[in-house]
Structure formats: C-alpha cells, structure tokens
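The structure displayed is predicted, hence computed values, not measured ones. Whatever order the structure lists ligands and atoms in, that order sets their numbers, starting from 1.
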Amino acid sequence: MATERQRTAPGLLAALHQARLRWGNPLEEPALAELSAAFALPPGEIAATASFYHFFQTPPARYQIHFIDHVVDHHAGIEALCNRLCAAFAIQPGERTADAHLFVGWTACAGLSDQAPAAIVNGRPLPALTPERIDAIIDAIRAQIPVAEWPAEWFAVANPVYRRGPLLTWLHATPAAAVLEQLSAREPEAILQAVADAGLRGRGGAGFPTATKWRFCRETADPTRYLICNADEGEPGTFKDRLLLTHYPDHLFAGMTLAARAIGAQTAMLYLRYEYQYLLPKLEAARERILAAQSQLPPSERITLEIALGAGAYVCGEESALIESLEGKPGRPRVRPPFPVTSGYLGQPTVVNNVETLVAVAAIVGNGPQWWRSMGTPDSSGPKLFCVSGDVARPGLYEFPYGVALGDLITAARPLGTPYAIQVSGPSGTLLPATPEQLARPLAFEALPCNGTVMVFDERRDPVAIVRHFARFFAHESCGFCTPCRVGTQLIAKTFAKIAAGYATRFDLERLAPALEAMRLASNCGFGLSAGNPVRDLIAYFRPRLDAHLQPHDFLPAFSLDAELAATRRLTGRDDTHAHLAQFEQPEAAR
Ligand SMILES: Cc1cc2nc3c(=O)[nH]c(=O)nc-3n(C[C@H](O)[C@H](O)[C@H](O)COP(=O)(O)O)c2cc1C
Ligand code: SF4
C-alpha cells in the first residue's frame, strides 16, 4: 500500500510552472500524461494538485492581469482601475477576451501594500497604478507589445525605508563577503548558543524561540535534516520580507547556511511566493555567491541551497502546508503531532524559519548576542521590521526595537487623517480602535503581538467594510480540510455579504457565534483559529458601527425576494402588485 511518504513528488510544483508556460492552464492531456510519467503519479492526482493553486487556474492568455483584491488597494481605488481596463476590452473581471489575448482577474494581497493600488501581469508586479497608467497599459495591449518590452519603470517596486535602526544599518554597511567569512569560523554549537543567548524569537508571527526549535531538530536521531526559509509572506499588508529579499539576499542565504549548520541539515531551501518571482534572478545570483563561498569548506560541511516557487496560496505560509507544497502536493496543513522538527520535509526533521528570522541569525553571528539583547524588551529581544500601510503619508518600512508603542510607529508613518481603526499583524491579528489606551500598547510578544504588519485606517473608512474584505479573503484561502474552517469562513463571508446588501439583522450575528466558537476550538491549523478574529474584534470594539448596518427586524432573507420573481414576471408579462414581493415586513411595534 502506498504510504503518504511514497506519494511525495518533490519538484512537481516547478514542473507545473514549466508545463503551464508550455501548455497553458488548466493542464490537460498530453501535459498531464507527461507529468504523470515523470513523477509516477496518476494524471488525476497531478490535476488535483494543480487545481489547489490560484495561479494554476488562470486561463491561457498573452496578457494575464490580476488586480489586487486587498482592502488597502480598494481604498486606493483599485475597483475603478480594474473596471477601466475591463471596459476597454468589453469583458468582466474573471473573463478572457474572445481572441484569448487578455485575461483579467483578481488576486489576494501580493506584498505591495505600500504601493497600492497594484496589479500583476504575467507574474510581474505593476505597483502604484493610476488611470493614466491603465490607459497606457490598454494601449500596450492593443498594440500587442509583449510584456517583456513594456517600460521598466512600470514594474519598479520601491522599498521605502523611513526609519533605519541598528539592523538595517548593519545590513547596509556590511558587505556580503564579511558575512561569508563567518561561515567558515563557526561551529554548529556556537551558532546555536549565540542565537539562544540573543533570545531570538521567530519573526513569522508565532514568536517561537528560534534556538529551542533548532535544538529539538538537532537532537533527533535522524541525520538527514532540512532547513526551510519561509518567504511566502502571504499575510495581507505584509511586505517586510520583500525588502530583505530584494536588498539583502546574500545575508539571507548566509543566515540560512548558518541555521542549517546549527541544526545539522545538509540542505536549505527557500520557498518564495509566486508574486515575488521577479526577484528570482537576484536570489539565484546570491545563492551562487554563497555556494561559491562555501567551496573553502570540506565537502561534508557544505550546505546545498535550493529555491522553490509557490503558486498562489496564502495557507502555504503555514509551515506544514509549505512542506506539503514542496513535496508536490496541495498545500494542506498536516495533522500534528508529529511536528516538522521531528517529521517534516520527506518525513525528515525540518526547521522552518521566516526570512527576517534568518537574516537576524546572520546579524547575531556578526555582532554577538549582547548586541541583539541590548535592544527590545526582555521577552521580545532585538530590533523588528515593521511595514506600515493604509491611510498614512509614508507607507513603507520602519525599524524599531520590539516594545515600541503602536502609536509611536503610526506617528512615524504620518497619518493622513485621524486614525480610527488599526489592523495589527494582518487580518489574522487584531483590529483595534485608535484610542489613546490602545495606541500606548507596546508591540511585543508579551503585550500586543505583531508580525510587523500595521494597517492604518482613518475616519473615512467603515470597519464593517474592512472586515467584509478580510472575511472574503479567509473564505477564498481556506484549504477546506477541516469542517469548522471550511464552513465557518463561508458563513462569515456570507453574513458580511448580507450586511452589505442591507438585509442583515441581529439574528444573523447570533447565528454566527457558534461557528466562530467551533473555528476557534476545532480547527486543524492557525488559519482556522484566527479567521474569526476580525469579526470578534468588530463586535468587541466597533459594536455601534456594526449595529448601524443591522435592520431592526427579527429576520430577513439574504437575497432580494422581488428579484427572484423577475424571470417569471418577464415570462408572464405581469407587473401588477401581486407579481412583486416586499423584502421588509413592518416590525410589530411599527404597525
Ligand atoms: C495560515 C498561516 C499563514 C502563515 N504565513 C506565514 C508566512 O507567510 N511567512 C512566515 O514566515 N510564516 C507564516 N506563518 C507561520 C509559519 O507557520 C511558521 O510559524 C513560521 O514560518 C516559523 O518561522 P519563525 O519561527 O522564524 O517565525 C503562517 C502561519 C499560518 C497559520
Ligand atoms: S483550519 Fe482551515 S486552513 Fe487550516 S487545515 Fe483546517 S481548513 Fe485548512
């Protein structure tokens, strides 16, 4: 009988990317037959894996444009820009032109929150869109100019840094060569001890002590181990890793090599989100440099470095889903235990660390643990990269020590109006009102946990609409493996669609409560645990704003009753009052 372990197909994702370029989406015979032979998997299983990933669904077209469906982009007018492009070619979002030249669709936040509104064309970023830029794009498509020949400035992703601290200063000042020298100097135990003494905690969100995770892995009996760098950066509003991948890839690969050494891994892999594929040439060059720098080491101490590209699935940022994806499977989080540190990639002990964590490792080895500990709080040591976006004059990157007050970070980004609501740590985190007491809270694992992401919304924004965006995001991205999350995320999204349609009542919120509870208690991974957070916070902090959207009735249907009769009205030619239905019954008291 085939076990899970035998069904792995490392490299399948890369092969699917190749096949997509050659045969188009969705994959059919003979592409499936070819992959089936190469990976010894039934064609149906390959098709099922491909169908899990968003960017393997896009129909083939010379120009595939995905507009960013993210709350910050919506506030910056993305919908009008999308409609402008679609109207020029007489299509709707999600459609392809009759000549199959152009496809226009939507996609989740692509790590460009500081440069909203944005889109992606054939996998390349189109930041800071304007109506004029859209018109120029329309002209380029009409003139059939290949995307490779579009002006380079259309694709230029800036990485504005508004506050540099000791970490960015060190990265900026330290040539890669100096980092590489550390590679030959360090014994595994010394690297591990430095990271332990620094008190480094994971920068991917959960804040697990890095050295503890490493030690669990290192102490396993199995000598074949893996180190994986998580560059999926899928949490909406997050773009801090983008800066590190763009400007400091050598430091990252050096950090990966040091970490691999510390845990006794022979291979270190970088899992890069699809939307960052434009960085591949830079990353490949850095990988080559670090590999070359290792040539001075005895072969047994050299670390193999690999890069894998994702294909559009937020849940693949969850470490066990990421491992499944690397194994050529749908990115569904595993049932744990066993945890990756004991049974991860190909069933071997595996450590997954975030990009910023691994860059921190290089900095700690370079500067010593005391340097790191001298910053931050006792429980959350070191500097932290924060990415601020939304209604601020200076959306971009800020380095502060952990423990900085939320309000100080926001002030540094120069709010455009009076901040009203703040989303801390992305939609999985916390939606807070911008009250003095909330703004005074320190960003730290022991106080207000934050993966670095802060989105600022001023009084022009409706928190209910913000939560509706997040609800749609979670409903779209749930992997569907466990019932509370698969169903619960849909229930939340439907409830918010009903609220937006003006048909929701208090009853709809009450009905949601058990689903939220089930998601929180019975989900298989962190996704389901946190997908209810936006609603929870809306109810806790913005109740009057939510209530203002609710109808005073006991219950209302979620759809328009009158619209349901439209087809019959057309068929019968009737339009009398009996051929119509009222949506609202007068409440008892008002009769
Ligand atoms: C739904 C979900 C999405 C996640 N996305 C990311 C991500 O994009 N990047 C990341 O580093 N960690 C992400 N994580 C956390 C990872 O599972 C893991 O904890 C992290 O990569 C560990 O690295 P660290 O200890 O260095 O933080 C996500 C977790 C969940 C539950
Ligand atoms: S909680 Fe959601 S994302 Fe996580 S395994 Fe269950 S269905 Fe998948």
Under a 4.0 Å heavy-atom cut-off, which residues neighbour ligand 1?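 Close residues (ligand 1, cut-off 4.0 Å): Gly202, Arg203, Gly204, Lys213, Asn230, Asp232, Glu233, Gly234, Tyr314, Gly317, Glu318, Glu319, Val352, Asn353, Asn354, Thr357, Gly526, Phe527.
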Taking the inter-plane angle between the rings of Phe527 and Phe474 on a 0 to 90° scale, is it parallel (under 30°), tilted (30 to 60°) or perpendicular (over 60°)?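 Answer is perpendicular, since the angle exceeds 60°.
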Backbone of Leu385 reached by a side-chain donor or acceptor of Glu356 within 3.5 Å: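 It does hold such a pair.
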Are [X] and [Y], when compared by the centres of their aromatic rings, separated by less than 6.0 Å?
| X | Y | answer |
| --- | --- | --- |
| Phe55 | His66 | yes |
| Phe473 | Tyr314 | yes |
| His75 | Phe457 | yes |
| Tyr398 | Phe386 | no |

Just to be sure I understand the site: which N, O or S atoms from the protein are less than 2.8 Å away from atom 4 (Fe) of ligand 2?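 Checking every protein N, O and S atom gives Cys525 SG.
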Side-chain donor-acceptor pair under 3.5 Å between Glu446 and Thr377, yes or no?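 Yes, because at least one side-chain N or O of Glu446 sits under 3.5 Å from a partner of the opposite role on Thr377.
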Are side-chain N/O atoms of Glu235 and Ser428 paired as donor and acceptor at under 3.5 Å?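 The criterion, which ignores hydrogens and geometry beyond distance, is satisfied for Ser428 and Glu235.
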Would Arg215 and Glu189 pass as an ion pair if we require N to O under 4.0 Å?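 Here Arg215 pairs with Glu189 in a salt bridge, since their nearest N and O are under 4.0 Å apart.
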